[in-house]
Amino acid sequence: MSFRFGAIVFLGLVLGGCDAFAPMPDRPDSALEFPEPDRPVSKVVSNQFSNEDARDERGEAQAVMDLANIAPGMTVADIGAGEGYYTVRLAARVGESGRVLAQDIDREALERLGRRVERERLENISIKLGQSDDPQLPIDSFDRIFLVHMYHEVTEPYAFLWRLWPALASEGEIIVVDVDRSTDRHGIPPKLLFCEFDQVGFKLLEFVERPDLRGYFARFGRSDERVDPETISACPNIFQ
């Protein structure tokens with residue numbers, strides 16, 4: 001395994017806010033070789049959740065983990081982990097022989113998650129602060145990468161996905177849970193999602209509408225090769 005687990009928070013770029021959507025900020029130099037998205041980008045909402053019990057009552061995490069075929073011994077990344085609703089449940093599912101990396105761009109949320117991990121003595125969780133255009137994940141490491149209700153908040157989706165591509169292990173999958181509505185209303189239409197993933201070198205493996213999840217479930221695998229950044233074109237904003 002190419003990264004060491006423990007409740008460790010790494011310094012990085014922090015974004016925040018609660019407006020409906022964000023105008024594109026000055027782009028990081030590391031993203032300039034990729035196209036800007038031809039759509040609004042929702043701003044990051046508060047990562048503080050008080051409804052974990054309500055989410056469990058409708059079986060949200062259980063349903064998503066079942067659909068994603070999460071099993072003991074897997075290595076999983078929870079991107080946009082926030083307060084750790086999925087992180088701690090994934091840790092229980094993969095067990096002592098599995099590993100979970102919780103990543104977010106909100107340092108304060110990750111500090112709270114770190115305290116939770118220590119308090120609950122969850123030894124198979126590591127915590128990492130990422131960047132808006134780079135999840136900074138080790139290569140060939142993850143059986144599953146979770147993007148739950150967060151992809152529409154990624155300000156540099158093409159750079160982000162391109163750098164996510166090599167983090168998957170052989171036969172690894174990216175799991176997306178989101179809502180079919182415009183990206184300025186904290187969702188993303190499925191056809192736009194499919195287009196953006198396809199541009200970067202992912203293939204759609206499964207898509208299902210799930211009213212119990214208040215949205216949809218999609219899984220993607222890697223295509224045979226990661227595309228060159230200069231071949232990527234921004235998907236037209238025709239699906240909003």
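Predicted model only: the values in this text are computed from it and were never measured.
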Trainee: Checking Glu196 side chain against Pro157 main chain: does a donor-acceptor pair fall under 3.5 Å?
Mentor: no

Trainee: Give the minimum heavy-atom separation between Glu120 and Val88, together with the two atoms involved.
Mentor: OE1-CG1, 4.4 Å

Trainee: To the nearest 0.5 angstrom, please state how far the CD1 atom of Ile125 sits from the CZ atom of Arg99.
Mentor: 11.0 Å

Trainee: List the atom of Val179, the atom of His149, and the distance in Å for their closest heavy-atom pair.
Mentor: CG2-CE1, 3.8 Å

Trainee: Quick one, Glu156 with Arg27, criterion salt bridge (charged side-chain N to carboxylate O under 4.0 Å, His left out). Give me CA distance, side-chain angles, the key distance, then yes/no.
Mentor: CA-CA 8 Å; Glu156 296 286 350; Arg27 304 181 71 201; 2.7 Å; yes

Trainee: Mind listing the closest non-hydrogen atom pair of Ala159 and Phe34 along with its distance?
Mentor: CB-CD1, 3.5 Å

Trainee: Can you name the closest pair of heavy atoms from Glu206 and Leu67 and give their distance?
Mentor: OE1-O, 4.4 Å

Trainee: List the steps, then state whether side chain to side chain contact (heavy atoms under 4.5 Å, CB included) holds for Arg144 with Leu90.
Mentor: CA-CA 11 Å; Arg144 301 287 187 272; Leu90 285 166; over 6 Å; no

Trainee: Any side-chain heavy atom of Val76 within less than 4.5 Å of one from Met65?
Mentor: no

Trainee: In Å, rounded to the nearest 0.5 Å, how long is the span from CG of Leu168 to CG of Asp143?
Mentor: 9.0 Å

Trainee: Check the pair Phe197, Leu204 against side chain to side chain contact (heavy atoms under 4.5 Å, CB included), reporting the backbone distance first and the verdict last.
Mentor: CA-CA 8 Å; Phe197 270 71; Leu204 178 67; over 6 Å; no

Trainee: Side-chain contact, heavy-atom cut-off 4.5 Å: Asp178 with Pro190?
Mentor: no

Trainee: When you compare the side chain of Phe202 with that of Arg222, does any pair of heavy atoms fall below 4.5 Å?
Mentor: yes

Trainee: Would you call Arg163-Asp133 a salt bridge at under 4.0 Å N-O?
Mentor: yes

Trainee: Ignoring hydrogens, what is the shortest heavy-atom contact between Tyr86 and Ala61? Give both atom names and the distance.
Mentor: CE2-CA, 3.7 Å

Trainee: Would you say Arg226's side chain and Trp162's backbone share a donor-acceptor pair under 3.5 angstrom?
Mentor: yes

Trainee: Given salt bridge (charged side-chain N to carboxylate O under 4.0 Å, His left out), test Arg116 with Glu52 step by step and report yes or no.
Mentor: CA-CA 14 Å; Arg116 179 177 187 175; Glu52 288 198 9; 2.9 Å; yes

Trainee: Just how far is it from atom CG of Asp38 to atom CG of Leu192, taken to the nearest 0.5 Å?
Mentor: 9.0 Å

Trainee: Could you walk me through whether Leu101 and Leu137 pass the side chain to side chain contact (heavy atoms under 4.5 Å, CB included) test, one step at a time?
Mentor: CA-CA 9 Å; Leu101 176 64; Leu137 301 184; 3.4 Å; yes

Trainee: Please identify each residue that fulfils ring pair (Phe, Tyr, Trp, His ring centres under 6.0 Å) with Phe146, with sequence neighbours left out.
Mentor: none

Trainee: Between CD of Glu123 and CD of Glu96, what distance do you get to the nearest 0.5 Å?
Mentor: 9.0 Å

Trainee: Does atom CZ (Arg210) have a neighbourhood of more than 12 heavy atoms from anything else shown, all under 6.0 Å?
Mentor: yes

Trainee: Are a donor atom and an acceptor atom from the side chains of Glu60 and Tyr85 found within less than 3.5 Å of each other?
Mentor: no

Trainee: CG of Asp104 to CG of Leu110: how many Å apart, nearest 0.5 Å?
Mentor: 5.0 Å

Trainee: Just checking Glu209: does its CD atom have more than 12 heavy atoms from other residues, nucleotides or ligands closer to it than 6.0 angstrom?
Mentor: yes

Trainee: I'd like to check Asp180 versus Pro189 (side-chain heavy atoms, cut-off strictly below 4.5 Å). Are they in contact?
Mentor: yes

Trainee: Check whether any side-chain N or O of Gln199 sits under 3.5 Å from a backbone N or O of Ser233 as a donor-acceptor pair, and report yes or no.
Mentor: yes

Trainee: Please check if the number of heavy atoms outside Asp29 that lie under 6.0 Å from its CG is greater than 12.
Mentor: no

Trainee: Does Asp78 use its side chain to pair, donor to acceptor, with the backbone of Ala102 at less than 3.5 Å?
Mentor: no

Trainee: Hey, could you give me the CD1/NE2 distance between Ile188 and His152, rounded to the nearest 0.5 Å?
Mentor: 9.0 Å

Trainee: Treating Ile, Leu, Val, Met, Phe, Trp and Tyr as nodes and any side-chain heavy-atom pair under 4.5 angstrom as an edge, say whether Val208 and Leu205 lie in one connected cluster.
Mentor: no

Trainee: Which heavy atom of Val41 sits nearest to which heavy atom of Val154, and what is that distance?
Mentor: CG1-O, 3.6 Å

Trainee: Counting distance only, does the side-chain N/O of Asp106 pair as donor-acceptor with the main-chain N or O of Gly82 below 3.5 Å?
Mentor: no

Trainee: Do you reckon Ile238 sits in the same ILVMFWY cluster as Leu193, going by side-chain contacts under 4.5 Å, direct or chained?
Mentor: yes

Trainee: How far apart are the C-alpha atoms of Phe160 and Val200, what are their side-chain angles, what is the distance that settles it, and do they pass the side chain to side chain contact (heavy atoms under 4.5 Å, CB included) test?
Mentor: CA-CA 10 Å; Phe160 177 87; Val200 180; over 6 Å; no

Trainee: In sequence, state the C-alpha distance, the side-chain angles, and the governing distance for Asp66 and Arg93, and then conclude on salt bridge (charged side-chain N to carboxylate O under 4.0 Å, His left out).
Mentor: CA-CA 10 Å; Asp66 288 347; Arg93 176 71 78 94; 2.8 Å; yes

Trainee: According to ring pair (Phe, Tyr, Trp, His ring centres under 6.0 Å), who are the partners of Phe194, at least two apart in sequence or on a separate chain?
Mentor: Phe207

